[in-house]
Amino acid sequence: MTNLPSSLKISPTEIQNGILRGDRRMLAKGITLVESRRKVDVDSAQKILENVMSNTGNSIRLGISGIPGVGKSTFIETIGLKLIEDGHKVAVLAVDPSSPHSGGSILGDKTRMPELSKRVDAFIRPSATGGTLGGVARQTRESMMLCEAAGYDVILVETVGVGQSEVEVSSMVDFFVLLMLPGAGDSLQGIKKGIIEMADMLIVNKADGDNHQLAKRAKNEYEQALRLVSNKKSQIKLCSALTGDGISEIWKDVNMRLENNKAIGSFKNKRINQQYNWMIKMTEDSILQSFRENSQIKESIVAYKSQLEKGQITPVMASHKLLEIFRKY
Ligand code: GDP
């Protein structure tokens, strides 16, 4: 029991076995290891991930995005409870590096999904705080693997529909849905074209009560607008996360699309591509990190900066020299 992460006092093997038994407490501890930056924790996490690898991958990974207030947590609560009723085990993870700074609601927060969080077949993990987007995305990917190893067969990954985090989420899920407001065209303008193109399905939420007609009209407007901005034929659906109307149909459609993707091989190909891209990205990030942390490089940068100021070196020459120094290490 030497070299044990002091915060845990449980050995990585116990955590690993616990995860494979479906023990939620152990799963939470495993994710804490994945989120840790301490060397000893990082090593333990990698070992666990390696050992549970063959128990991962057997899930549907669904990304859910939309601006704050659109109804993401209500949607997750409703669809999560339905999935559990259908016999699934549901994990909710989040990619949101901005939450500690923006003061907004923390994605994946249990209090936002009060009923779901009470269920034994649900596991909800708020987004890790204080990391870079790349870091949070890596942690979410690895947490997703641990959830799968613990027997969760639907993983919902939540993110805010405002920017780069959608790119990360869509690169780790099988299907990506974007929730929209019934407030017609304006909310389409607020969302970047790229995000709409990334979405496999657009869902107009809050299609209930007085909003129902508005939502129907919004759906038509979105359909027309989409034809202008995107070549991809995304489906547009209506639902009310609050009443549950439309949720079953949405899930049925997601499943049908995924079954079709499996039949034509694109499901598997997408995952292989995601793994390949992840490998390249992690390697590039590591190279960049060791470049930035290299003390020789740091010193040389200071020296070249002063030479640049005096006009003694060109940026191109300085860059070549920096790379030469880096290659020696
Ligand atoms: P999030 O910030 O995207 O997670 O949004 P929330 O799920 O917290 O929802 C924001 C507000 O919209 C809350 O007051 C919800 O009760 C409400 N809301 C969410 N979904 C619906 C819906 O389908 N219909 C109606 N009428 N209100 C909804």
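One-based numbering, in listed order, for ligands and for the atoms of each.
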Side chain to side chain contact (heavy atoms under 4.5 Å, CB included) partners of D285, counting only residues at least two apart: K281

Report the residue from I155, T140, L93 that forms a side chain to side chain contact (heavy atoms under 4.5 Å, CB included) with M172. T140

Suppose we screen for side chain to side chain contact (heavy atoms under 4.5 Å, CB included). Which residues come up paired with R271, at least two apart in sequence or across chains? S59, R61, D174, F267, Q274

Atoms in ligand 1 with a heavy atom of I67 nearer than 4.0 Å: 3 (O)

Where the side chain of D153 meets the backbone of K89, is there a donor-acceptor pair that is under 3.5 Å apart? yes

If only atom types and distance count, is the side chain of S170 paired as donor or acceptor with the main-chain N or O of E166 below 3.5 Å? yes

Do any N or O atoms from the side chain of E148 and from the backbone of G57 form a donor-acceptor pair under 3.5 angstrom? yes

Residue S73 vicinity, atoms of ligand 1 by number, heavy atom under 4.0 Å: 4 (O), 6 (P), 7 (O), 8 (O)

What atoms of ligand 1 come closer than 4.0 angstrom to any heavy atom of N205? 20 (N), 21 (C), 23 (O)

At less than 4.0 angstrom from any non-hydrogen atom of T74, what atoms of ligand 1 do you find? 6 (P), 7 (O), 9 (O), 15 (C), 19 (C), 20 (N)

Residue P68 vicinity, atoms of ligand 1 by number, heavy atom under 4.0 Å: 2 (O)

Does even one non-hydrogen atom of G66 get within less than 4.0 Å of ligand 1? no

Quick test of your reading of the structure: of K72, K206, M113, whose heavy atom lies closest to atom 11 (C) of ligand 1? K206

Any side-chain to backbone donor/acceptor pair from T32 onto A28? Under 3.5 Å, distance only. yes

Looking at ligand 1, is there an atom of it that comes within less than 4.0 Å of some heavy atom belonging to L179? no

What atoms in ligand 1 come closer than 4.0 Å to a heavy atom of D208? 22 (C), 23 (O), 24 (N), 25 (C), 26 (N)

